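Reading through the structure tokens given below for one structure.
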Amino acid sequence: MKVLIIGNGGRENALAWKVSKSDKIEKIFMAKGNGGTEDFCTNIDIDPKDLDGLLDFAKKEKIDLTIVGPEDPLCAGIVDKFKEEGLKIFGPNKECAKFEKSKEFTKKFLEKYNIPTAKYKSFKDFEGAKEGLSDFSYPLVIKADGLCLGKGVFICKDKNEGEQALEKIFKDRIFGSEGDLVVMEEFLEGVESSLLCFVSNNKLFPLETAKDHKQIFDGNKGPNTGGVGTYSPGHKFSKKTYEEMEKILRKIEEGFRAENLSYYGILFIGFMISNEMPKVLEFNVRFGDPETEVLMPRIKGDLVDIIEKCLDGNLKKDDIKWTDEVSLTTILCSDGYPLSYQKGKEIKGIEKLDEDIMLFHNGTIKKDGKLYTNGGRVLSVTALGKNLREAREKVYKNIENIDFENKYFRKDIGLI
Ligand code: AMP
Ligand code: GLY
């Protein structure tokens, strides 16, 4: 089979690594891929947002299966386009991708199907939203409705901070038209957990849990990033919590059917758990990054088989098997991320990594045989261990071998 994977990050590198282990695979193309995928895939110079370019390429190369990493092409309708041409592609169609494209759309769905979530209101303009600030208690969560690379959320400790966030979104338009609508919602306290599910014809098949670390500094301090470290399984919750999560999954399926959706692909559910009761924070319609970096090493068997069954609509729970080992990833970043940071620093020492380390590249580029930083998140250093401590020790020992100017990473992944 020829597989095309769309995306440039650590998530796509981890997907390609897992796909490459399938006996069925003849060739993997990456659009655009990165310095890590170049070693075992063919990187092609087509932007993930260039839907027509990707479609032409898939037709010309007779690609058997396309896997979409990031949300942008999904929200722009790449799945609909490929399917119209009879091409097999893994991901939700444009209608279903709205669960990520619009936070308000998801909130309405959650409310309609009685799925626990934070209370909310949405606003279309600055003045109305400013008045709305009085209707909530603080801290208050203010979110741009659209796609903001995980950075569209403000946690405001008082009205003043709320007004500043609204100014940034509505007046400075820091998110452009993605901030045309604002969702304000009650702040939920608790423990966060990501649950990714394969979705096969509106039926949800949960993967194992993963715990993401979104803030840039140790102790979960500082601004939110796309995620800078993760481990799987995530927190262990009580039986009651799992039962409640299960109820939520069934309600989501019911909602998908009642709305006449035809959901295939991945649904990523962000939960906040408090007093054993989970509430839904958000939906994403794709694999998580860095969750994928820890989930792929734990899946036993053939990912391509799972995806094909999922697309045929006959995936079963037993088709997805897991190793008992624990996996952990710490991301090496360029100092300054998620704000401003430098690129183009030479990366040295990856040949010194232990054999059982999986190194997924988030933002690297190769030039004349040398590897350079090419993003805020640079490398995901990943290991499996018999427990969290062992996985953590392997990762942190090996991080020392990798060197580049302005290397920054959290020291506490696996400790909190
Ligand atoms: P989202 O993009 O909606 O997942 O939000 C990004 C992050 O902001 C989440 O992972 C949470 O850490 C935080 N967050 C979002 N909504 C809430 C909420 N209602 N209460 C508390 N924290 C939240
Ligand atoms: N790690 C969070 C995300 O992929 O959205």
Side-chain angles (χ1 to χ4, degrees), residues 7 9-12 14-15 68-72 74-75 97 99-107 110 116-122 136-157 162 165 169 175 178-179 182-196 207 209-216 220-232 234 266-274 277-296 329-331 333 338 360 362 376-377 380 410 413 416:
R11 163 182 53 206
E12 289 77 18
L15 288 169
V68 189
E71 58 275 22
D72 290 297
L74 294 169
C75 295
F99 285 112
E100 181 150 3
K101 174 76 182 144
S102 166
K103 294 198 191 300
E104 190 199 39
F105 178 84
T106 295
K107 287 301 249 184
L110 295 171
T117 188
K119 286 195 199 72
Y120 84 104
K121 269 190 185 168
S122 47
F136 286 88
S137 55
Y138 289 80
L140 165 68
V141 184
I142 297 186
K143 301 180 177 184
D145 181 63
L147 299 178
C148 307
L149 297 169
K151 289 158 202 147
V153 176
F154 297 84
I155 314 254
C156 308
K157 70 171 184 314
I169 301 174
F175 303 119
E178 301 298 321
V182 155
V183 170
M184 275 186 210
E185 64 181 42
E186 103 190 270
F187 178 80
L188 298 178
E189 288 195 65
V191 178
E192 229 180 304
S193 183
S194 317
L195 184 69
L196 279 76
L207 283 75
T209 56
K211 165 77 188 153
D212 192 11
H213 295 74
K214 288 207 166 81
Q215 287 95 344
I216 189 69
N220 293 333
K221 303 241 163 56
N224 263 353
T225 67
V228 288
T230 179
Y231 55 82
S232 172
I266 293 289
L267 180 73
F268 170 139
I269 308 169
F271 281 113
M272 187 69 90
I273 295 121
S274 175
M277 296 301 281
K279 288 188 178 175
V280 173
L281 278 183
E282 61 160 350
F283 285 162
N284 295 315
V285 298
R286 45 151 182 95
F287 286 104
D289 192 347
E291 287 86 346
T292 307
E293 287 90 312
V294 285
L295 290 170
M296 289 304 122
T329 285
T330 296
I331 300 201
C333 303
F360 301 124
N362 300 82
R377 296 192 289 187
S380 291
R410 272 182 67 162
I413 307 303
I416 60 171

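Ligands are counted one by one from 1 in listed order, and the atoms in each one are counted from 1 as well. Bear in mind that the values here come from a model prediction, so they are computed numbers and not experimental data.
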- To the nearest 0.5 angstrom, please state how far the CD atom of Glu282 sits from the CD1 atom of Ile269. 10.5 Å
- Query: Between Lys107 and Glu185, is there a salt bridge with N-O shorter than 4.0 Å?
  - Reply: yes
- Task: Mind checking side chain to side chain contact (heavy atoms under 4.5 Å, CB included) for Phe105 and listing every partner two or more places apart, or none if nothing turns up?
- Result: Lys98, Phe99, Ser102
- Task: Could you tell me whether the side chain of Val141 reaches within less than 4.5 Å of the side chain of Leu188, counting heavy atoms only?
- Result: no
- Where is the nearest protein heavy atom to atom 6 (C) of ligand 1: which residue, which atom, and how far? Val153 CG2, 3.7 Å
- Note on the structure: Ordered by chain then number, the protein residues lying under 4.0 Å from ligand 2 by heavy atom are Asp212, Gly226, Phe268, Asn284, Arg286, Gly288, Asp289, Pro290, Glu291
- Task: Looking only at protein heavy atoms, identify the closest one to atom 13 (C) of ligand 1 and say how far it is in Å.
- Result: Ile155 CD1, 4.2 Å
- Do Phe287 and Leu295 come within less than 4.5 Å of each other through their side chains, counting heavy atoms only? no
- Note on the structure: Between Ser380 and Glu293 the two heavy atoms that sit nearest each other are OG-OE2, 3.4 Å
- Query: Under the salt bridge (charged side-chain N to carboxylate O under 4.0 Å, His left out) criterion, do Glu192 and Lys211 qualify, and how do the steps go?
  - Reply: CA-CA 8 Å; Glu192 229 180 304; Lys211 165 77 188 153; 5.7 Å; no
- Query: Any Lys/Arg nitrogen of Arg11 or Glu291 sitting under 4.0 Å from an Asp/Glu carboxylate oxygen of the other?
  - Reply: no
- Query: Closest approach of His213 and Ile413, non-hydrogen atoms and distance?
  - Reply: CG-CD1, 3.7 Å
- Per-residue contact class, Glu189 against ligand 1 - non-hydrogen pairs under 4.0 Å: neither
- Task: Could you tell me which atoms of ligand 1, counted from 1 in the order shown, lie closer than 4.0 angstrom to a heavy atom of Lys103?
- Result: 2 (O), 3 (O)
- Protein contact of atom 12 (O) of ligand 1 - nearest heavy atom, named by residue and atom, plus distance: Glu192 OE1, 2.6 Å
- Message: Does only the side chain of Asn224 get under 4.0 Å from ligand 1, or the backbone, or both, or neither? Count heavy atoms.
- Response: side chain
- Task: For atom 3 (O) of ligand 1, find the nearest protein heavy atom and state the residue, atom name and distance (0.1 Å precision).
- Result: Lys143 NZ, 2.9 Å
- Query: What do you reckon, does Leu188 have a nitrogen or oxygen under 3.5 Å from a nitrogen or oxygen of ligand 1?
  - Reply: yes
- Message: I'd like to check which ligand 1 atoms, numbered from 1 as shown, lie under 4.0 Å from a non-hydrogen atom of Lys214.
- Response: 10 (O)
- If you scan protein heavy atoms around atom 2 (O) of ligand 1, the nearest is Glu282 OE1, 3.2 Å
- Task: Can you sort out which atoms of ligand 1 are near Glu185, meaning under 4.0 Å from one of its heavy atoms?
- Result: 16 (N), 17 (C), 18 (C), 19 (N)
- Note on the structure: re atom 17 (C) of ligand 1, the protein heavy-atom contact at minimum distance is Leu281 CD2, 3.4 Å
